[in-house]
Amino acid sequence: MYQFSRARELLEICEKQNLELPDVVILSEEEEWGRSRDMIWDEMECKLRVMENSVRKGLEPDFKSTGGLIGGNAAKLNSYLSYDSLGGKVINQAVAYALAITEYNAAMGKIVAAPTAGSSGILPGVVIALKDEKQYSHEQIINALFVAGGIGKVIASNATLSGAAGGCQAECGAASAMAAASAAYLGGASPRRCVQAAAMALKGLLGLVCDPVAGLVEVPCSKRNATSTANAIICADMALAGISSFIPFDEVVDAMFRIGNMMSDDLKETARGGCAMTPTALEFAKTFRGSMMKS
Amino acid sequence: MASIFDIIGPVMVGPSSSHTAGAAKLANIARRICGEKIRKVDFYLHGSFAETCRGHGTNQALLGGILGMNAADERIRDSFEYARDFGVEYDFHFADLGDVHPNTVKIVMTCTDGSVCEMIGASIGGGEVRISSINNTHIEFSGQYPTIITVHQDKPGIVAQVSTVFAKHKVNIAFLKVFRQWRGSEASMVLETDEEVSQTMLDEISLIPEIIKIVFIDI
Ligand code: SF4
């Protein structure tokens, strides 16, 4: 039996049977859906190809999102990378990739929802930047995606992955936790350390509301993917340095869910609060709707 | 329990799982329900679907779905051009569809043979949808499972006859719902299954004399 719904259970299986995180995630998928390991592996490989393609496409300098609010930022950060950046190459590369995917997504490009379309830049941003910058193998990257899937499954089983139900902490927060565990795994962390990274990443984004300007998946979504990407790498580094979260991951997930339930509906994707209600956002929304009714 | 690929995946054309992917899925279901060659399609967009349709490519996704493109099909972006190539006319309208989910659309399809087919459905988040009406008959299903919809004469014993076919082919019925407008007239049955449904099975069901029409949806 390899089924788990809590991180605690996932770790127990790893430790009792002397398995790595991705192995348990793959075995549980085999067991639950009756699919072969090869099929599962190939499907993840296919997701990675779509992710890599969306990064490449999103880095092209001149396209506009359908709402017209974002575009070109990934290319800007990517060319800035050739200079000395304050945060260092790896973090900025990951952020550039995350921006690229979110901009491509907003221009109706093909992406992998991970776990949602709005938060689709974070996980690929982190793993593809680590692949490029640290020369991890293709196989390690696929394994890292399974680690992320395991963390996401725990969140989905005990809370939610939808901004409409739990706010942005459930989308960008969850994606950041997933990406942090992946990054820690690539950095050589033990299963327990990987889960620590996820706990710190999610904790750091607790309470984040979902407040998309004019209801579009553009502002603040794109840059929230950027900051959540950096958050993931920082938390992975903390975990690798031996820092632990005082609150265990499973409890952070429960807290996230409760916060989501306490959050006003105005802050859950309805565009009735937060950034969406600022004068600038309201002004944009007015002209945007006006232009739309005419066309 | 969720599959790992419900969490990392699905692959879709952006920007929004509810406004883009869900819209494409709704229109794909409508196309299957219609089953005939579509000459013209009218979309009535309600609530949030109407307000932010262009910024989310909801209109391209709906039209793409009618042309048979799924949520991951990159041609969705250019579905207006494809519609012209395929000779399908289209129109979008803003409409108040009443007390319904904010992301609701009514799709009216006019076929080359002159018949008209209508479907109402909502995109409820994460790319998932709910169909609430077909040709003005209240009906409910999600399209998450392989789904068979029948139109049949409302007589006793039909449900038993249909489930016998399922039993024979060892296909489990996950959900079964029966809808009708008035007694002794036409009724509809929605069967959602756990397993794949074969063409033979569909043929056997349509051979039941009281069955007027069946539609199979597997998206
Ligand atoms: S603000 Fe809302 S729509 Fe945007 S990424 Fe966060 S949860 Fe998704």
Side-chain angles (χ1 to χ4, degrees), chain A residues 3 5 25-26 28-29 32-33 40 43-44 46-47 50 65-69 102 104-118 120 123 145-146 148-153 155-157 161-165 174 178 214-218 221 269-271 288-289 291-293 295, chain B residues 1-24 45 47-61 63-64 69-80 91-94 101-103 122-128 194-195:
Chain A
Q3 298 308 310
S5 72
V25 174
I26 295 170
S28 79
E29 189 77 7
E32 170 124 28
W33 300 94
I40 296 167
E43 184 161 352
M44 194 59 97
C46 177
K47 308 280 181 202
V50 177
S65 61
T66 43
L69 285 171
T102 56
Y104 189 55
N105 177 56
M108 296 191 77
K110 184 154 89 176
I111 54 94
V112 181
T116 61
S120 58
L123 174 62
L145 291 175
F146 280 111
I151 294 295
K153 193 166 160 171
I155 303 174
S157 308
L161 294 172
S162 138
M178 290 160 62
L216 303 172
V217 193
E218 302 196 4
C221 317
E269 218 182 76
T270 51
F288 176 72
R289 294 223 169 94
S291 72
M292 214 180 51
M293 294 298 181
S295 69
Chain B
M1 182 69 59
S3 157
I4 251 26
F5 298 111
D6 293 330
I7 289 153
I8 299 179
V11 173
M12 57 170 273
V13 168
S16 158
S17 47
S18 52
H19 286 73
T20 323
L45 303 164
S48 155
F49 251 16
E51 280 175 19
T52 60
C53 68
R54 212 189 52 190
H56 282 131
T58 305
N59 36 13
Q60 281 113 306
L63 189 57
M69 301 172 191
N70 66 28
D73 195 324
E74 286 177 287
R75 293 176 306 167
I76 281 184
R77 226 179 313 176
D78 305 313
S79 60
F80 293 155
D91 216 339
F92 294 90
H93 316 263
F94 298 119
H101 188 282
N103 292 334
S123 175
I124 57 165
E128 299 302 336
D194 284 330
E195 286 100 337

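Per chain, numbering begins at 1; letters A, B, ... match sequence-line order.
Here the closest heavy-atom approach between residue P15(B) and residue T66(A) is recorded as CG-OG1, 4.4 Å. In this structure, S17(B) and A117(A) approach most closely via the heavy-atom pair N-CB, 4.1 Å. Across every non-hydrogen atom of I8(B) and V112(A), the tightest pair is C-CG1, 4.0 Å.
Of the two parts of A113(A), the backbone and the side chain both hold a non-hydrogen atom closer than 4.5 Å to a non-hydrogen atom of chain B. With a threshold of 4.5 angstrom between heavy atoms, V50(A) approaches chain B through side-chain atoms but not through N, CA, C or O. Both the backbone and the side chain of A148(A) come within less than 4.5 Å of a heavy atom of chain B.
Remark: the backbone N or O of F5(B) is not paired with any side-chain donor or acceptor of E43(A) at under 3.5 angstrom.
Looking at heavy atoms from C-beta onward, H56(B) lies in side-chain contact with L216(A) at the 4.5 angstrom threshold. Under the 4.5 Å side-chain criterion, counting only non-hydrogen atoms from C-beta, I7(B) is in contact with M178(A).
The most heavy-atom pairs under 4.5 Å with chain A, out of A21(B), G127(B), G126(B), G9(B), come from G9(B). Chosen from T116(A), I40(A), L161(A), the residue pairing most often with chain B at heavy-atom distances under 4.5 Å is I40(A). Of the listed residues E218(A), K47(A), E269(A), M108(A), the one with more heavy-atom pairs under 4.5 angstrom with chain B than any other is M108(A).
Using modelled atom types and a 3.5 Å distance limit, the side chains of S3(B) and E32(A) yield no donor-acceptor pair.
Atom OG of S162(A) is separated from atom CD of E128(B) by 11.5 Å, given to the nearest 0.5 angstrom.
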